[in-house]
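Read the structure below first, then the notes.
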Amino acid sequence: MDLQVIDSHCHLDFPKFNKDREETIQRALNAGVEQVLNSGVDPKTNLSTLKLAQKYDHIHATLGCSPHLSPKANNEQIKNMLDFIEDHVTEIAGIGETGLDYHYFTSEAERNRQIEVFKQFIELADRYNKPLVIHGREAEDIALGLSGHLDKVVFHCYSGSLETMRNIVDAGHIISVPTLVCFSEHHQEIAKGVPLEHMLLETDSPYLSPRKGRNEPAFVLDSLPWISKLKGIEQKDIASTTRKNTIKVFGL
């Protein structure tokens with residue numbers, strides 16, 4: 001079965017790919033991954049993501065600021081990141097990943113700082129009409145409340161409640177299903193519940209591998225038989241619709 005898919009979120013610029021980046025990219029193309037979105041999370045990876053997208057026509061950049069960084073970053077560092085993204089805004093497909101992570105950050109001060117920084121990236125996405133790629137962990141409902149007014153919002157690697165998922169879909173936004181769907185019962189429930197018209201596929205490589213070891217974009221196809229079985233929809237239709245969804249939301 002010759003299926004064409006898009007990996008809507010990965011980190012091919014990360015050190016885990018330093019030894020075989022070109023081979024990894026080629027493997028993905030050979031497997032049927034026709035386009036890839038690579039996401040920056042901090043100043044260093046925003047730059048390396050941009051360089052990767054400049055080198056490969058089928059790799060597109062989204063630039064952001066991980067919520068893991070925002071509690072530690074000062075205002076000048078955040079401004080520099082926003083300025084860098086703004087300087088390259090015509091070259092990128094989206095803003096993010098950015099958002100809220102209440103799993104690792106439990107103090108009120110840390111969470112308030114994440115919200116403060118997140119709002120600045122929401123404003124940037126709004127100003128340039130770019131899709132916003134959200135990292136929301138144990139704070140998906142709050143992230144939706146802050147960003148729901150935007151036209152294009154993607155909840156990357158969605159792991160939240162089914163209720164919040166329905167609210168995201170009702171707001172017209174997108175749920176990205178990671179390769180976790182191959183082994184996580186919760187992600188299987190999410191995949192079963194989210195309408196196909198609101199779904200993207202992703203690996204979040206090098207994380208969340210459905211196989212042993214490191215994840216890579218070629219493995220995004222591992223999700224198809226699982227989602228097909230869960231939804232009772234043919235693999236080719238899942239591949240085709242999620243591909244169209246990705247092209248539409250990111251303007252590829």
Side-chain angles (χ1 to χ4, degrees), residues 4-14 17 21-22 24-25 28-29 33-67 69-70 73 75-99 116-136 143 146-157 171-174 176 198 200-205 217 220 242-252:
Q4 295 292 309
V5 294
I6 298 175
D7 183 357
S8 73
H9 194 104
C10 67
H11 304 281
L12 282 166
D13 60 307
F14 279 19
F17 294 107
R21 187 169 288 108
E22 289 196 15
T24 303
I25 290 166
L29 284 168
V33 183
E34 60 167 27
Q35 298 189 72
V36 167
L37 285 120
N38 205 85
S39 281
V41 296
D42 57 25
K44 186 181 175 186
T45 60
N46 282 340
L47 182 59
S48 52
T49 292
L50 198 61
K51 284 181 176 173
L52 202 60
Q54 287 164 347
K55 185 176 179 183
Y56 296 95
D57 288 343
H58 72 291
I59 298 179
H60 311 281
T62 72
L63 306 183
C65 171
S66 166
L69 175 68
S70 50
N75 288 342
E76 187 185 359
Q77 288 168 316
I78 298 298
K79 185 181 184 302
N80 288 342
M81 263 187 285
L82 290 162
D83 288 348
F84 178 82
I85 296 169
E86 202 162 2
D87 288 344
H88 296 281
V89 78
T90 58
E91 301 169 61
I92 64 174
I95 307 289
E97 61 185 277
T98 184
E116 189 186 331
V117 171
F118 184 35
K119 282 179 175 175
Q120 295 178 64
F121 284 85
I122 293 169
E123 197 277 319
L124 190 66
D126 196 15
R127 195 181 332 146
Y128 290 100
N129 193 31
K130 291 281 180 184
L132 184 72
V133 179
I134 292 180
H135 169 121
L146 292 167
S147 65
H149 63 284
L150 297 178
D151 284 344
K152 293 173 279 194
V153 177
V154 175
F155 277 79
H156 127 72
C157 192
H173 299 318
I174 303 287
S176 184
H198 291 263
L200 306 184
L201 303 180
E202 69 165 275
T203 58
D204 202 17
S205 314
V220 73
T242 55
R243 179 181 166 276
K244 283 178 194 161
N245 296 344
T246 314
I247 289 168
K248 185 180 175 186
V249 73
F250 288 106
L252 304 182

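The basis for the numbers below is simple: all heavy atoms, side chains too, and nothing from hydrogens, waters or symmetry mates.
Residues Ile6 and Thr242 form no side-chain contact, since every pair of their non-hydrogen atoms from C-beta on lies 4.5 Å or further apart. Counting heavy atoms from C-beta on, the side chains of Lys130 and Thr62 never come closer than 4.5 Å. Residues Leu252 and Leu37 are in side-chain contact: their nearest non-hydrogen atoms beyond the backbone lie under 4.5 Å apart. Counting only heavy atoms from C-beta outward, the side chains of Glu202 and Cys10 never approach each other to under 4.5 Å. With a 4.5 Å cut-off on side-chain heavy atoms, Val154 and Phe250 count as touching. Side-chain atoms of Cys65 and Val117, non-hydrogen and from C-beta on, do get closer than 4.5 Å to each other. Taking 4.5 Å as the limit, every side-chain heavy atom of Gln77 sits out of range of all side-chain heavy atoms of Leu69. Using a 4.5 Å heavy-atom threshold, the side chains of His9 and Leu200 count as separate.
Across all their heavy atoms, Phe118 and Ser147 have their closest contact at CZ-CB, 4.4 Å. Between Leu132 and Ala125, the shortest heavy-atom distance links the atoms CD1-CB, 4.0 Å. Minimum interatomic distance between Pro217 and Ala28 (heavy atoms only, all atoms of both residues): CB-CB, 3.9 Å.
Using cut-offs of 30° and 60° for the angle between ring planes, the His135 and His156 rings count as tilted.
The line from CE of Met81 to CD of Gln120 is 9.5 Å long, rounded to the nearest 0.5 Å. Leu201 contributes atom CG, which lies 12.5 Å from atom CZ of Arg243 (distance to the nearest 0.5 angstrom). Annotation: the span from Leu52 atom CG to Leu12 atom CG amounts to 6.0 Å, rounded to 0.5 Å. Put simply, CZ on Phe121 and CD1 on Ile85 are 4.5 Å apart, with the number rounded to the nearest 0.5 Å. In this structure, the separation between CG on Asp7 and CD on Glu34 is 12.0 Å, given to the nearest 0.5 Å. Considering CZ of Phe14 and OG of Ser48, their distance stands at 7.5 Å, rounded to 0.5 Å.
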Verdict with supporting geometry, Thr45 and Asp13, side-chain hydrogen bond (donor to acceptor under 3.5 Å, both in side chains): CA-CA 7 Å; Thr45 60; Asp13 60 307; 4.7 Å; no
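Salt bridge status for Lys119 with Glu123: absent, with no side-chain N to carboxylate O gap under 4.0 Å.
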Check residues 87-95 and write down every donor-acceptor pair under 3.5 Å in which the side-chain atom is one partner and the other belongs to a residue at least two apart or another chain.
| unit_1 | atom_1 | unit_2 | atom_2 | d |
| --- | --- | --- | --- | --- |
| His88 | ND1 | Glu91 | OE2 | 2.8 |
| Glu91 | OE1 | Gln54 | NE2 | 3.0 |

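No side-chain N or O of Asn245 forms a donor-acceptor pair with one of His198 less than 3.5 Å apart.
In summary, the aromatic rings of His58 and His60 are positioned with their centroids too far apart to meet the 6.0 Å limit.
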